[in-house]
Amino acid sequence: QVQLVESGGGLVQPGGSLRLSCAASGFIFSIYVMGWYRQAPGKQRELVATITSGGSTNYADSVKGRFTISRDSAKDTVYLQMNSLKPEDTAVYYCNAQRTFRTAYWGQGTQVTVSS
């Protein structure tokens, strides 16, 4: 049915880059606010970035200037370009889809590890 499948995670060195992808299916992608969240071990899940159907973006202060969220309506896919990665960016990254007055959808997560 509804699916959000993240990919692109992995191990990178500090200062490196990674691009996460989230392939959506089973719902009308174009009318949902899409987002990326992350959760480090022992910590609560936190917002990383969101993008509306109109292309408006919002970022956590910790990633501003380093991460870029985008969406490709033709592919029903949302991306998170992560540059200048820091060890504190290490977490499982989750894709999210939200529409007002609807239950949010979540992906299974993809691991991002930033370490020397």
Side-chain angles (χ1 to χ4, degrees):
Q1 194 73 75
V2 172
Q3 280 194 292
L4 295 173
V5 182
E6 302 98 332
S7 62
L11 174 64
V12 296
Q13 295 188 161
S17 297
L18 213 55
R19 188 173 81 156
L20 306 183
S21 297
C22 172
S25 62
F27 64 97
I28 306 174
F29 179 80
S30 63
I31 64 175
Y32 279 74
V33 173
M34 301 300 298
W36 287 97
Y37 291 72
R38 66 187 182 187
Q39 186 170 25
K43 297 184 179 180
Q44 295 296 110
R45 189 172 298 184
E46 65 175 353
L47 172 70
V48 175
T50 61
I51 183 167
T52 69
S53 59
S56 296
T57 58
N58 181 59
Y59 298 92
D61 288 342
S62 60
V63 307
K64 285 181 180 176
R66 300 188 298 121
F67 291 11
T68 302
I69 188 171
S70 61
R71 62 195 295 165
D72 186 337
S73 59
K75 297 181 178 180
D76 285 0
T77 300
V78 61
Y79 304 95
L80 185 68
Q81 178 65 49
M82 309 189 302
N83 299 324
S84 302
L85 284 161
K86 305 174 180 179
E88 50 262 48
D89 294 319
T90 296
V92 176
Y93 284 69
Y94 296 91
C95 183
N96 165 268
Q98 178 70 62
R99 186 183 175 196
T100 304
F101 306 129
R102 301 288 196 280
T103 300
Y105 302 128
W106 293 92
Q108 81 288 351
T110 186
Q111 178 71 48
V112 171
T113 302
V114 185
S115 177
S116 297

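It should be emphasised that the depicted structure is a prediction, and the values quoted were computed from it without experimental measurement.
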Taking atom CD of Q3 as the centre, does the number of heavy atoms from other residues, nucleotides or ligands within less than 6.0 Å exceed 12?
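Open: at most 12 neighbouring heavy atoms sit under 6.0 Å from CD of Q3.
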Enclosure of I28 CD1 (heavy-atom neighbours >12, cutoff 6.0 Å):
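Open.
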Flag the pair [X] / [Y] as yes when at least one side-chain heavy-atom distance between them is below 4.5 Å, and no otherwise.
| X | Y | result |
| --- | --- | --- |
| I69 | Y59 | yes |
| T50 | M34 | no |
| V78 | C22 | yes |
| L20 | T110 | yes |
| T90 | E88 | no |

For residues 13-22, which residue pairs qualify under side chain to side chain donor-acceptor pair (under 3.5 Å), counting only residues two or more places apart or in two chains?
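Listed by first then second residue: S17-N83.
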How would you list, by chain and number, every residue that makes a ring pair (Phe, Tyr, Trp, His ring centres under 6.0 Å) with Y93, sequence neighbours excluded?
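For Y93 there are no ring pair (Phe, Tyr, Trp, His ring centres under 6.0 Å) partners, ignoring immediate neighbours.
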Test of understanding: with ring pair (Phe, Tyr, Trp, His ring centres under 6.0 Å), list the residues that count as partners of Y105, not counting sequence neighbours.
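Per chain and number, Y105 pairs via ring pair (Phe, Tyr, Trp, His ring centres under 6.0 Å) with F27, Y32.
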Are the charged groups of R38 and D89 less than 4.0 angstrom apart, N to O?
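Salt bridge: yes.
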Quick one about Q111 and T113 (side-chain donor to acceptor, distance below 3.5 Å, no hydrogens or angles considered), yes or no?
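Judged by distance alone, the side chains do pair up.
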Is the positively charged end of R45 above the ring of Y94, judged by distance under 6.0 angstrom from the centroid and angle within 45° of the axis?
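Ring-cation test returns yes.
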Ring-ring centroid check F67 W36, cutoff 6.0 Å:
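Ring centres of W36 and F67 not closer than 6.0 Å.
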Euclidean distance, K64 NZ relative to T57 OG1, rounded to 0.5 Å
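Separation between the atoms: 9.5 Å.
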Roughly how far apart are S62 OG and L47 CG, rounded to 0.5 Å?
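Reported value, rounded in 0.5 Å steps: 9.0 Å.
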When F29 is tested against each of D72, L4, D76 for side chain to side chain contact (heavy atoms under 4.5 Å, CB included), which residue passes?
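Result: among D72, L4, D76, D76 is the only option passing the side chain to side chain contact (heavy atoms under 4.5 Å, CB included) with F29.
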